[in-house]
Amino acid sequence: MSDTSFAPRIFSGIQPSGGLTLGNYLGALKRFVQAQDAGTDTIYCMVDLHAITVWQDPAKLRHATRELAAGFIAAGIDPARSILFNQSQVSAHAELAWIFNCVARMGWLKRMTQFKDKAGKNAENASVGLFAYPALMAADILAYHATHVPVGEDQKQHLELTRDIAAKFNHDFGVEFFPIVEPVIEGAGTRVMSLRDGTKKMSKSDPSDMSRINLTDDADTIAQKLRKARTDPEPLPDSLDGLADRPEARNLVNIYAALADMTPDAVVAQYAGQGFGTFKPALADLAVDKLAPINAEMTRLMQDVTEIDRILGEGAARANAIAQPILDQCYDIVGLVRARA
Ligand code: ATP
Ligand code: LTN
C-alpha cells in the first residue's frame with residue numbers, strides 16, 4: 001500500500017566504500033536512471049557518513065566519493081534533472097538520525113542481518129555507528145518525505161525498519177508527518193550473486209576481485225572473469241525450473257536478463273540446450289557492450305574532479321532547501337525550542 005498523502009518522490013543512496021560493481025549497477029543505478037527518465041522527482045545520495053561506520057582511509061574515501069559521483073553521471077543520472085550530492089554536506093541527515101536514534105528500539109536494531117554480517121564474530125568491537133546505521137538510513141529517506149526507495153534485495157529489512165520508525169514517530173507524537181515508504185525491488189537484477197559462489201551476494205568488499213565485475217574493469221577483464229565464473233557442466237535447461245538447484249547458472253542467466261532487459265524465462269528459452277562454452281562468451285559480449293561506455297565516461301569525468309565537486313555542492317544546496325524545513329518542523333513536533341530569528 002503506498003502512502004497517497006505525500007507526493008511521489010524517490011530517494012536512494014550508495015556508499016562510497018569502494019568501486020561500483022555490476023550488482024550496484026543492476027540492483028540500483030540502472031533503476032535510478034529509469035526513475036529519473038520516467039520524470040519522477042529523484043534524489044540520489046553518496047552516503048559517505050554510512051561508509052565511515054567501518055574504517056575508511058581519508059584519501060581513499062575522497063577518491064571513492066568522486067568516482068561514485070562519476071559512476072552515477074556516467075550511468076545516466078543528469079544532475080540537472082536529479083538531485084545528486086554527498087550526504088555529509090547536508091547536516092539534516094545526521095540531525096534527523098539523532099531523533100531517530102531516540103525513536104528506534106534496541107531490539108529492532110539487534111535483528112538487522114546486515115549488522116550481524118558486517119560485525120561478524122567481533123560485534124563488541126564494531127563501531128556504535130555500524131549498529132545505528134539503519135536510523136541514519138531512515139533519516140536519509142524521511143528528511144525528504146520520500147515515498148519510494150529503489151534498492152537491491154539486501155536492503156529490504158532496512159526499509160522495513162524505516163517504515164517502523166516513521167510509524168512510531170507518527171504514533172508517539174500524534175501526527176501524520178512522515179510517509180510510510182515503499183521499497184522498489186523488482187526484476188532480475190535485484191540480487192546479483194558472486195561469480196565464485198552463487199549463494200553469496202556480489203559485493204564490493206569481497207576479498208576476491210574475481211567474485212565481481214567492477215564498473216572500472218576493461219573489456220578483457222570482464223570477459224576473463226565471466227569465462228572463469230563458477231558453473232556446472234550441464235547445458236542450460238529449457239525452463240527456469242531446471243535451474244532451481246543450480247545457483248551459479250541461475251545467476252548468469254539473471255545477469256544476462258537484466259543487462260538485455262529480458263525476462264530470465266526468455267533467456268533460457270533462447271539458450272536452451274546450449275552449454276556455458278556458448279553462453280559465457282555471449283554474456284561477456286553483452287556485458288562489455290553495456291558497461292564499456294559507462295567505464296569510458298567515468299574515466300573522462302574523473303579527469304576533472306573540480307567539476308565533480310561543483311556538481312555535488314550544487315546538489316547539496318538543492319537537497320538542503322528541501323530537508324531543512326522538514327527538519328525544523330520535526331524539531332518543533334518533538335518540542336525542541338527553535339528561537340533563532
Ligand atoms: P557491500 O557489498 O560492501 O556490502 P554494497 O554494494 O552492498 O556494499 P551499497 O554500495 O550501499 O552497499 O549498495 C548500493 C546499492 O546497490 C543498494 O541499493 C544495494 O541494495 C545494491 N546492491 C549492492 N550489491 C548488490 C547485488 N549484489 N545485487 C543487487 N543489488 C546490489
Ligand atoms: N544501506 C544502503 C545504502 C543506503 C541507502 C540509504 C539506500 C544508505 N542510505 C537510503 C537507500 C536509501 C546499503 O548499504 N546498500
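Both ligands and their constituent atoms are indexed starting at 1 by order of listing. Position 1 is the first residue of the sequence, and the numbers go up from there.
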Practice task
Report yes or no: do Ser205 and Ser203 form a side-chain donor-acceptor pair below 3.5 Å?
Solution key: yes

Exercise for the section: Tell me, please: is Thr190 in heavy-atom contact with ligand 1, that is, under 4.0 Å? Expected result: yes

Problem - Leu136, portion touching ligand 2 at heavy-atom distance under 4.0 Å - result: neither

Problem - For atom 8 (C) of ligand 2, the option (of Lys118, His50, His93, Gln114) bearing the nearest heavy atom - result: His50

Handout entry: Check: Ser205 N/O within less than 3.5 Å of ligand 1 N/O
Key = yes

Completion exercise
Looking at Gly13, Ala51, Gly23, Ala146, the heavy atom closest to atom 5 (C) of ligand 2 belongs to Gly13

Handout entry: Region of Asp154 that comes within reach of ligand 1 [heavy atoms, distance under 4.0 Å]
Key = side chain

Practice task
Flag Thr21 as yes when one of its N or O atoms lies below 3.5 Å from any N or O atom of ligand 1, and as no otherwise.
Solution key: no

Problem - Polar proximity ligand 1 side, Val192 side, N/O cut 3.5 Å exclusive - result: yes

Handout entry: Protein heavy-atom partner closest to atom 18 (O) of ligand 1 - residue, atom, separation in Å
Key = Gly152 N, 3.2 Å

Handout entry: Min N/O separation Ile14 to ligand 1 under 3.5 Å
Key = no

Handout entry: Note, Ile326 side chain near Phe177 side chain (heavy atom, < 4.5 Å)
Key = yes

Problem - atom 15 (C) of ligand 1 - nearest protein heavy atom and its distance - result: Ala28 CB, 3.7 Å

Exercise for the section: Please find out if less than 6.0 Å separates the ring center of Phe11 from that of His145. Expected result: no

Practice task
Please state whether Lys118 comes within less than 4.0 angstrom of ligand 1, counting heavy atoms only.
Solution key: yes

Problem - Close side-chain approach of Leu26 to Asn254, heavy-atom, < 4.5 Å - result: no

Handout entry: Identity and separation of the nearest protein heavy atom to atom 30 (N) of ligand 1
Key = Gly23 O, 3.2 Å

Handout entry: ligand 1 contact on Lys204 by region, counting heavy-atom pairs under 4.0 Å
Key = both

Practice task
Say whether Gly189 and ligand 1 are in contact under the criterion: heavy-atom distance to a ligand atom below 4.0 Å.
Solution key: yes

Practice task
Look at atom 1 (N) of ligand 2 and find which of Tyr44, Phe11, Tyr133 reaches it with the closest heavy atom.
Solution key: Tyr133

Exercise for the section: Would you kindly specify which portion of Met193 sits under 4.0 Å from ligand 1, judged on non-hydrogen atoms: side chain, backbone, both or neither? Expected result: neither

Fill in the blank from the handout: Closest to atom 16 (O) of ligand 1 among protein heavy atoms sits Asn24 ND2, 3.1 Å

Handout entry: Mode of Val151 contact toward ligand 2 - side chain, backbone, both, neither (heavy atoms, under 4.0 Å)
Key = side chain

